[in-house]
Structures are given as C-alpha cells and as structure tokens.
K.L.:
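For reference, the structure I am asking about is given below.
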Amino acid sequence: REYGPYEASSFFIVVVDHLRQLPAGVMRVVQPSPAGLKSYNDLQSVWGETAEILMRRTALDFALERIWDVATLAAPPEYRAKATGGLVTMGLYQTLTLAAQASGTELFVAILDMPVFRLLRWKLKMIFAGFRGVGPRPYLGSLASIPAWCDVRSADRHLAAVDPALHRILTEG
C-alpha cells in the first residue's frame, strides 16, 4: 500500500553478503514521476506542511527532476552491529552517490528514523540535515522520524575538505 504508487519510479540498491548468500542491506530510491516523491507526499499528512513550504523555509531551490527520494534504508541487525563497522550502509551510500553523480541528481530527500538520522550525520560527516521548522514525529512504525535532505554538490565539497578518505570512498568507488 505504501510504496505501490512509486513502484515504476523506484530502483533498488542492494548490498549482498556473498558468503551467506543473503541481502545485507537495501535502499529504495524513488525518482520523480507523476506519482511524486514518497517523502514529499507524506509531509503534509504527518508534519502538516508541504514540500514546497519546507524547501522555501530551508532555502533549498532544486528542480524536482534533480531530486531523488531515499524512501527506504534497511539492514538486518547483524549487519548494523559493530562487527560490520558500518560497511553495509557505506556500500549503499557509495552506490547512491555514484549513481547520483552519473545522473546529475542534485538533492536527496528522506524521512529518517532519528537513530538512523544521527548515525548518518555522524558516519557521513553531517551531510544530511533536517528541514527548518519541523521536528521528529511518529512515521511508518518509527516513534520519531524526521524529514531530511542532502545537497549532493555541497556534500561533495564538504567531504573533500573534512574527510578526503571518506570522500574518495563515496565518490570514486
């Protein structure tokens, strides 16, 4: 029910544990289509504001066709533990970054569970931010999720300056 309208405009990034022959992590990315972006469409019903208002208040000006929605990010608990060192999430974001560069995508949007939001900000050096004027709310089973965004070009420059090794991993593969 939640993702059916976005099926035709979705693509998936999967990290596979080849040893166990299991998926270790998956990301659903929704591209612009007549159905819109899942995260944008859910803003009004959950946060009471439209994407246009949040974009304007946050001083973001991007054409819809240059925005990708990271609609799902999931990894089983055993691939989120310290033993994996964040490699599964890193693999997902590395692929997302490389695909965005190749396609000319300029902005990522998402609605992230707060622990995931904090982890991504820590691991990826603060390249995701919350929209101005909205805070965490319950969303799709999460007790506290927040609408977030990442300016792909600004993130590229920021990472190159503050963590050149991470920048190379995410942008060069």
Side-chain angles (χ1 to χ4, degrees), residues 1-15 23 25-75 88-121 123-159 170-171:
R1 251 181 294 173
E2 288 290 329
Y3 295 96
Y6 310 99
E7 196 66 32
S9 59
S10 293
F11 70 88
F12 295 85
I13 301 169
V14 180
V15 173
V26 65
M27 180 182 283
R28 176 196 288 262
V29 180
V30 177
Q31 298 173 298
S33 75
L37 299 173
K38 169 94 171 106
S39 294
Y40 273 12
N41 292 341
D42 289 353
L43 289 172
Q44 181 70 47
S45 63
V46 178
W47 282 270
E49 305 217 42
T50 66
E52 294 77 20
I53 290 171
L54 291 180
M55 293 282 284
R56 189 171 37 251
R57 186 168 53 230
T58 309
L60 297 173
D61 185 22
F62 293 89
L64 184 60
E65 63 270 7
R66 299 282 186 208
I67 301 173
W68 282 357
D69 183 356
V70 181
T72 305
L73 171 63
V88 171
T89 302
M90 186 72 67
L92 293 169
Y93 273 94
Q94 178 190 59
T95 304
L96 178 70
T97 300
L98 294 171
Q101 287 176 337
S103 72
T105 297
E106 297 175 345
L107 187 74
F108 300 138
V109 296
I111 297 175
L112 299 169
D113 184 53
M114 284 305 294
V116 173
F117 178 69
R118 288 185 191 110
L119 181 68
L120 290 177
R121 287 178 54 87
K123 291 279 190 184
L124 298 178
K125 310 297 184 199
M126 308 298 269
I127 63 174
F128 270 87
F131 287 92
R132 287 188 189 134
V134 294
R137 295 251 172 112
Y139 177 74
L140 296 182
S142 163
L143 296 177
S145 290
I146 190 161
W149 58 275
C150 173
D151 177 331
V152 176
R153 290 181 189 158
S154 293
D156 182 65
R157 289 189 299 273
H158 176 73
L159 280 177
L170 290 179
T171 62

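No hydrogens, no waters, no symmetry mates; every other heavy atom, side chains included, goes into these values.
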K.L.:
Is there a side-chain contact (heavy atoms from CB on, under 4.5 Å) between Tyr6 and Asn41? Walk through the geometry before answering.
P.N.:
CA-CA 11 Å; Tyr6 310 99; Asn41 292 341; 2.8 Å; yes
K.L.:
I'd like to know whether Val134 forms a side-chain contact (heavy atoms from CB on, under 4.5 Å) with Arg57, so could you lay out the CA-CA distance, the side-chain angles of the two residues, the decisive distance to 0.1 Å, and finally the verdict.
P.N.:
CA-CA 10 Å; Val134 294; Arg57 186 168 53 230; 4.0 Å; yes
K.L.:
Supply the atom-to-atom distance Leu73 CG to Met27 CE, rounded to the nearest 0.5 angstrom.
P.N.:
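The CE atom of Met27 is 5.0 Å from CG of Leu73, to the nearest 0.5 Å.
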K.L.:
Locate the shortest heavy-atom distance separating Val30 from Ala71; write the atom from each residue and the value.
P.N.:
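Nearest pair, atom of Val30 first, then Ala71: CG2-CB, 3.8 Å.
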K.L.:
Please find the pair of heavy atoms, one from Ala75 and one from Val88, that lie closest to each other, and give the distance.
P.N.:
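Closest heavy-atom pair between Ala75 and Val88: CB-CG1, 4.3 Å.
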K.L.:
How close do Gly130 and Trp149 get, heavy atom to heavy atom, and via which atoms?
P.N.:
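That closest heavy-atom pairing would be O-NE1, 3.3 Å.
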K.L.:
Would the distance check show the side chain of Trp47 and the main-chain N or O of Gly135 forming a donor-acceptor pair, the cut-off being under 3.5 Å?
P.N.:
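It does hold such a pair.
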K.L.:
Shortest non-hydrogen contact from Ala148 to Phe117?
P.N.:
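So the minimum-distance heavy-atom pair works out to CB-CE1, 3.8 Å.
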K.L.:
Looking at every heavy atom in both Leu37 and Gln31, which two are closest together, and how far apart are they?
P.N.:
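Of all heavy-atom pairs spanning Leu37 and Gln31, the closest is CD2-C, 3.8 Å.
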K.L.:
Any chance you could measure Asp42, atom CG, to Tyr139, atom OH, to the nearest 0.5 Å?
P.N.:
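Those atoms lie 3.5 Å apart.
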K.L.:
Out of Ser9, Ser39, Ser10, which residue meets the side-chain hydrogen bond (donor to acceptor under 3.5 Å, both in side chains) rule with Asp69?
P.N.:
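With Asp69 as partner, side-chain hydrogen bond (donor to acceptor under 3.5 Å, both in side chains) holds for just one option, Ser39.
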K.L.:
Roughly how far, to the nearest 0.5 Å, is the CG atom of Asp151 from the OG1 atom of Thr58?
P.N.:
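Interatomic distance, Thr58 OG1 to Asp151 CG, rounded to 0.5 Å: 12.0 Å.
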K.L.:
Indicate every side-chain donor-acceptor pair of residues 101-114 with a distance under 3.5 Å to a residue at least two apart or in another chain.
P.N.:
| unit_1 | atom_1 | unit_2 | atom_2 | d |
| --- | --- | --- | --- | --- |
| Ser103 | OG | Ala99 | O | 3.2 |
| Ser103 | OG | Ala100 | O | 3.2 |
| Ser103 | OG | Thr105 | N | 3.4 |
| Ser103 | OG | Thr105 | OG1 | 2.8 |
| Thr105 | OG1 | Trp68 | NE1 | 3.2 |
| Glu106 | OE2 | Arg153 | NH2 | 2.8 |
| Asp113 | OD1 | Ser142 | OG | 2.4 |

K.L.:
Roughly how far, to the nearest 0.5 Å, is the CG atom of Leu64 from the CD atom of Glu52?
P.N.:
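Here the rounded value is 8.5 Å.
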K.L.:
For the residue pair Thr50 and Leu43, what are the closest heavy atoms and their distance?
P.N.:
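Closest approach of Thr50 to Leu43, heavy atoms only: C-CD1, 4.5 Å.
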K.L.:
Report the distance from atom CD of Glu2 to atom CG of Leu140, rounding to the nearest 0.5 Å.
P.N.:
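One finds 4.5 Å between CD of Glu2 and CG of Leu140.
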K.L.:
Applying side-chain contact (heavy atoms from CB on, under 4.5 Å), run through Val116 and Thr89 and close with a yes or a no.
P.N.:
CA-CA 10 Å; Val116 173; Thr89 302; over 6 Å; no
K.L.:
Hey, what do you get for CG (Leu96) to CD1 (Ile13), rounding to the nearest 0.5 Å?
P.N.:
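Result: 5.0 Å between the selected atoms.
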K.L.:
Verify side-chain contact (heavy atoms from CB on, under 4.5 Å) between Met55 and Phe131, making sure each step is shown before the conclusion.
P.N.:
CA-CA 7 Å; Met55 293 282 284; Phe131 287 92; 3.9 Å; yes
